[in-house]
Amino acid sequence: MIITFIAAESPRRVLLFYTDSGLVKQKAQMAILDAHQKGIIERDITVQRFPSSGKNLSEWKKWKIDSASSFTFILVGRDGGEKLRSSEVVSAEKLFGLIDAMPMRKDEMKRN
């Protein structure tokens, strides 16, 4: 019960890792997320961007991002586990569909 409560307090996270050559994909991804703010807020998603730089190196290592990859999208669930990884831009429909199929999200929708 305590673990569920702690997990429910943590937001879901979208992590965007990109190099200069992945900037176009990062901008396209942000445009999708910005256009679907209502769904982002309803699902309690925070978005973090990590451009390739020395100050973000620890996050790149933590999430095992290949430095040769120009763009990586990662969805992290409330439990802290990786739920989706993509080197392509992810549609709002795919993101929301995946989240809405998760047991914790189903419980949230029942409560609301």
Side-chain angles (χ1 to χ4, degrees):
M1 186 72 163
I2 294 173
I3 293 172
T4 302
F5 178 74
I6 292 169
E9 294 298 310
S10 300
R12 294 173 181 93
R13 298 186 300 154
V14 166
L15 309 177
L16 303 177
F17 296 88
Y18 57 96
T19 62
D20 289 344
S21 60
L23 194 56
V24 170
K25 285 184 180 179
Q26 185 271 149
K27 287 181 178 183
Q29 186 67 69
M30 286 305 300
I32 290 169
L33 298 172
D34 289 343
H36 292 87
Q37 275 302 299
K38 184 178 180 208
I40 296 289
I41 292 166
E42 285 175 6
R43 290 166 182 84
D44 192 24
I45 302 169
T46 61
V47 178
Q48 295 174 283
R49 293 179 282 182
F50 299 99
S52 178
S53 71
K55 75 175 194 170
N56 293 322
L57 188 58
S58 64
E59 289 294 323
W60 280 64
K61 285 182 177 181
K62 175 182 174 181
W63 292 100
K64 298 179 176 83
I65 306 299
D66 181 357
S67 59
S69 177
S70 64
F71 176 81
T72 303
F73 174 108
I74 298 177
L75 171 62
V76 180
R78 289 192 185 278
D79 62 0
E82 184 177 316
K83 307 303 180 188
L84 172 68
R85 181 179 290 238
S86 176
S87 60
E88 298 300 323
V89 173
V90 175
S91 70
E93 294 78 16
K94 181 175 181 173
L95 175 62
F96 294 162
L98 179 62
I99 291 171
D100 291 348
M102 294 176 181
M104 199 174 292
R105 174 64 180 152
K106 287 181 181 181
D107 289 344
E108 290 169 11
M109 290 188 292
K110 285 179 190 174
R111 284 193 305 262
N112 297 332

Peer 1: One pair to check against side chain to side chain contact (heavy atoms under 4.5 Å, CB included): L16 and M30. What are the steps and the verdict?
Peer 2: CA-CA 9 Å; L16 303 177; M30 286 305 300; 3.6 Å; yes
Peer 1: Let me confirm one number: the CG-CG distance from L95 to L33, rounded to the nearest 0.5 Å.
Peer 2: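 Answer rounded to 0.5 Å: 7.0 Å.
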Peer 1: Enter the distance from W60:CH2 to L15:CG here, rounded to the nearest 0.5 Å.
Peer 2: 12.0 Å
Peer 1: Can you sort out the partners of L84 under side-chain contact (heavy atoms from CB on, under 4.5 Å), two or more places apart, ordered by chain and number?
Peer 2: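 For L84, the residues satisfying side-chain contact (heavy atoms from CB on, under 4.5 Å) (neighbours in sequence not counted) are F73, L75, V90, K94, L98.
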Peer 1: What distance do W63 atom CH2 and E82 atom CD have between them, rounded to the nearest 0.5 Å?
Peer 2: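 So the CH2 of W63 and the CD of E82 are separated by 6.0 Å.
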Peer 1: Rounded to the nearest 0.5 Å, how far apart are CZ of R78 and CD1 of I99?
Peer 2: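 Those atoms lie 9.5 Å apart.
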Peer 1: Of all the heavy-atom pairs spanning S91 and I32, show the shortest one and how long it is.
Peer 2: C-CG2, 4.4 Å
Peer 1: Quick check: closest heavy atoms across F71 and E88, and the distance to 0.1 Å?
Peer 2: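 Closest heavy-atom pair between F71 and E88: CE2-O, 3.6 Å.
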Peer 1: State the OG-CG distance between S52 and L23, to the nearest 0.5 angstrom.
Peer 2: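 The OG atom of S52 sits 12.0 Å away from the CG atom of L23.
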Peer 1: Can you name the nearest heavy-atom pair linking S69 to T19, along with the distance?
Peer 2: O-CG2, 3.5 Å
Peer 1: I need the R13 CZ to I45 CD1 distance, nearest 0.5 Å.
Peer 2: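 If I round to the nearest 0.5 Å, the distance is 12.5 Å.
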Peer 1: Any ring-ring contact (aromatic ring centres under 6.0 Å, His included) pairs touching residues 33-53, not counting sequence neighbours?
Peer 2: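 Passing the test, one end in residues 33-53: F17-F50.
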Peer 1: List in chain and number order the residues that pass side-chain hydrogen bond (donor to acceptor under 3.5 Å, both in side chains) with S53, two or more places apart in sequence or in another chain; answer none if no residue qualifies.
Peer 2: N56
